[in-house]
2 protein chains.
Amino acid sequence: MLKISKLTDYSTVVMAYLAQFPEKMHNAKDITAQTHIALPTVSKILKALTKSGLLLSHRGAHGGYSLANAAIKITIADIITAMEGKPGLTECSHNNTLCALQPTCAIAGNWQTISSIVYKTLEKISLQDMVLLKGSHLQHHFNGEEHIK
Amino acid sequence: MLKISKLTDYSTVVMAYLAQFPEKMHNAKDITAQTHIALPTVSKILKALTKSGLLLSHRGAHGGYSLANAAIKITIADIITAMEGKPGLTECSHNNTLCALQPTCAIAGNWQTISSIVYKTLEKISLQDMVLLKGSHLQHHFNGEEHIK
DNA sequence: TATAATTAGTACTATAGAGGTCCTATTTTA
DNA sequence: TAAAATAGGACCTCTATAGTACTAATTATA
Ligand code: FES
Ligand code: FES
């Protein structure tokens, strides 16, 4: 399905929360309380985001997580890629494809192109956009056509 | 994952094939032979596309399927929607959502907006684009910025 | 140094959905 | 009437997701 996974969705919620207080460190318990996502799930997300370099972690007492970069530098595409791996709208968008049709498929190249178009769109939406703007404002933002060209 | 399903991918292959001979009728066996997709799978796809109104079917001897509209009128978004149902990048993009976080979720509105942006992008790619243009040409097509604004 | 707090890493289970196959009924042409 | 083709649905298998749990490693601080 053309959907991001629930974990990816949750991870944007977590990231958006962290972006509200960029300097502060938040532990998993805090984030659970604020986002209402179950603790083990939050924990799993935080580990994945850290491993991908989007978050910095600090162990031990008073440890926690914080954004590795400014919210304006982090894009939705970054978060999706961190949680779901290499982008690509179809199996066939990847080089190491397993699709049996590829030798005869007339449209494989087109899907690679479409994937990259979609990802470029997602790269133009930053975490900051998510935090600062409510839905309607984000809509207006894009209708202004500053981001998508 | 932010991927279309394999069946959806295959359905674009089938549609692209049918679009090459818009007036002709093709039966499932023909399409299997040309696309190398297994017959039962082709059959399943054709039924789904017919039910959604993208194809016309004709039963009986010398029956088959044909495009319901001109290739230029059919978009990638149409095909995805036909195969996968209502668009929306997250569970939470739908009204009848089941997400427990919604009451407190700070970003639900944003995802609805992002979904609609992505779908608007996909609505700008027609079946005809898939048929007429090879990958690199499609890329060039979009770099020309005629479609995405 | 001892203790408590906190992340890192890994492994597990259960569920839903995707992918694929097959069978039977219905319709149409010849 | 016979043959050709779609319509519809039942069915199974496999994979990926979501969620949980446990242990090890690390750090601050009393
Ligand atoms: S469907 Fe896999 S390469 Fe085209
Ligand atoms: S994560 Fe479901 S509503 Fe925001």
Side-chain angles (χ1 to χ4, degrees), chain A residues 1-11 13-14 18 24-33 35-66 68 80 83-86 88-92 98-101, chain B residues 1-11 13-14 18 24-33 35-66 68 80 83-86 90-92 98-101:
Chain A
M1 299 262 278
L2 188 53
K3 275 201 176 71
I4 60 171
S5 75
K6 242 188 211 177
L7 279 188
T8 306
D9 188 6
Y10 289 168
S11 69
V13 174
V14 169
L18 291 179
K24 255 186 86 179
M25 229 180 229
H26 298 266
N27 63 33
K29 228 165 148 188
D30 265 10
I31 298 171
T32 299
T35 61
H36 303 95
I37 304 170
L39 177 57
T41 305
V42 167
S43 182
K44 191 178 194 176
I45 290 169
L46 290 169
K47 285 171 198 168
L49 293 173
T50 303
K51 201 169 182 184
S52 302
L54 295 184
L55 294 180
L56 297 176
S57 66
H58 197 67
R59 289 191 185 187
H62 297 87
Y65 297 88
S66 59
I80 293 177
M83 296 300 294
E84 308 191 347
K86 277 185 200 161
L89 255 45
T90 64
E91 307 286 335
C92 319
L98 303 170
C99 180
L101 276 69
Chain B
M1 300 264 277
L2 188 52
K3 276 201 175 73
I4 61 171
S5 76
K6 240 186 211 177
L7 279 188
T8 305
D9 188 7
Y10 289 168
S11 70
V13 175
V14 170
L18 291 179
K24 257 186 86 179
M25 227 180 234
H26 298 266
N27 63 35
K29 229 164 147 188
D30 266 9
I31 298 171
T32 298
T35 61
H36 304 94
I37 303 170
L39 178 56
T41 304
V42 166
S43 183
K44 192 179 194 176
I45 290 169
L46 290 169
K47 285 169 198 168
L49 292 172
T50 303
K51 201 170 183 185
S52 302
L54 295 185
L55 294 180
L56 297 176
S57 65
H58 197 67
R59 289 190 184 188
H62 298 87
Y65 297 88
S66 59
I80 294 176
M83 298 298 294
E84 307 191 348
K86 278 185 198 159
T90 63
E91 307 286 335
C92 318
L98 303 170
C99 180
L101 275 69

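Values in this document were obtained by computation on a predicted structure and should not be read as measured data. Here is the naming used below: chain letters follow the sequence lines, and residue numbers restart at 1 for every chain.
Per the geometry, CE belonging to B/Met25 stands 17 Å off P belonging to C/dT27, to the nearest Å. The distance between atom NZ of A/Lys51 and atom C1' of C/dA8, rounded to the nearest whole Å, is 10 Å. If you take CG of B/Leu56 and C1' of C/dT28, they are 16 Å apart, rounded to a whole angstrom. Rounded to an integer number of Å, the gap from CD1 of A/Ile45 to C1' of C/dA8 is 16 Å. The distance from atom NZ of B/Lys3 to atom P of D/dA16 is 10 Å, rounded to the nearest whole Å. Separating the CG atom of B/Asp30 from the C1' atom of D/dA4 is a distance of 13 Å, rounded to the nearest angstrom. Between the NZ atom of B/Lys47 and the C1' atom of C/dA25 there is a distance of 11 Å, given to the nearest Å. Between B/Asn27 atom CG and D/dA3 atom P the separation is 18 Å, expressed in whole Å.
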Any protein N or O atoms within reach of nucleotides 11-21 of chain C? Criterion: under 3.5 Å, listing atom names and distances.
{"unit_1": "C/dG19", "atom_1": "OP1", "unit_2": "B/Lys6", "atom_2": "N", "d": "2.5"}
{"unit_1": "C/dG19", "atom_1": "OP2", "unit_2": "B/Ser5", "atom_2": "OG", "d": "3.2"}
{"unit_1": "C/dG19", "atom_1": "OP2", "unit_2": "B/Lys6", "atom_2": "N", "d": "3.4"}
{"unit_1": "C/dG19", "atom_1": "OP2", "unit_2": "B/Leu7", "atom_2": "N", "d": "3.4"}
{"unit_1": "C/dG20", "atom_1": "N7", "unit_2": "B/Lys44", "atom_2": "NZ", "d": "2.8"}
{"unit_1": "C/dG20", "atom_1": "O6", "unit_2": "B/Lys44", "atom_2": "NZ", "d": "3.2"}

What are the atom names and distances for every N/O pair under 3.5 Å that joins the protein to nucleotides 27-30 of chain D?
{"unit_1": "D/dT27", "atom_1": "O2", "unit_2": "A/Ala61", "atom_2": "N", "d": "3.3"}
{"unit_1": "D/dA28", "atom_1": "OP1", "unit_2": "A/His58", "atom_2": "NE2", "d": "3.3"}

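Residue B/His62 comes nearest to B/Met25 through the heavy atom pair O-SD, 4.5 Å, listed as atom of the first residue, atom of the second, then distance. The two atoms that bring A/Ala68 and A/Gly53 nearest to each other are CB-O, 3.3 Å, heavy atoms only. Nearest approach of A/Glu84 to A/Thr8, heavy atoms of both residues: OE2-OG1, 2.7 Å. Taking every heavy atom of both residues into account, A/Met83 and A/Ala48 meet most closely at SD-CB, 4.0 Å.
Looking at A/Thr32, its side chain does come within 3.5 Å of a backbone N or O of A/Ala28 through a donor-acceptor pair. The backbone N or O of B/Ile37 sits nowhere less than 3.5 Å from a side-chain atom of B/Thr41 that would complete a donor-acceptor pair.
Between the OH atom in B/Tyr10 and the OG1 atom in B/Thr35 there is a gap of 9.5 Å [rounded to 0.5 Å]. Expressed to the nearest 0.5 Å, how far CG of A/Leu2 lies from CD1 of B/Ile80 amounts to 5.0 Å. Here OG of B/Ser57 is found 11.5 Å from CG of B/Leu49. Values are rounded to the nearest 0.5 Å.
Contact annotation: B/Ser57 reaches the phosphate of D/dA7 (side-chain N/O to OP1 or OP2, under 4.0 Å).
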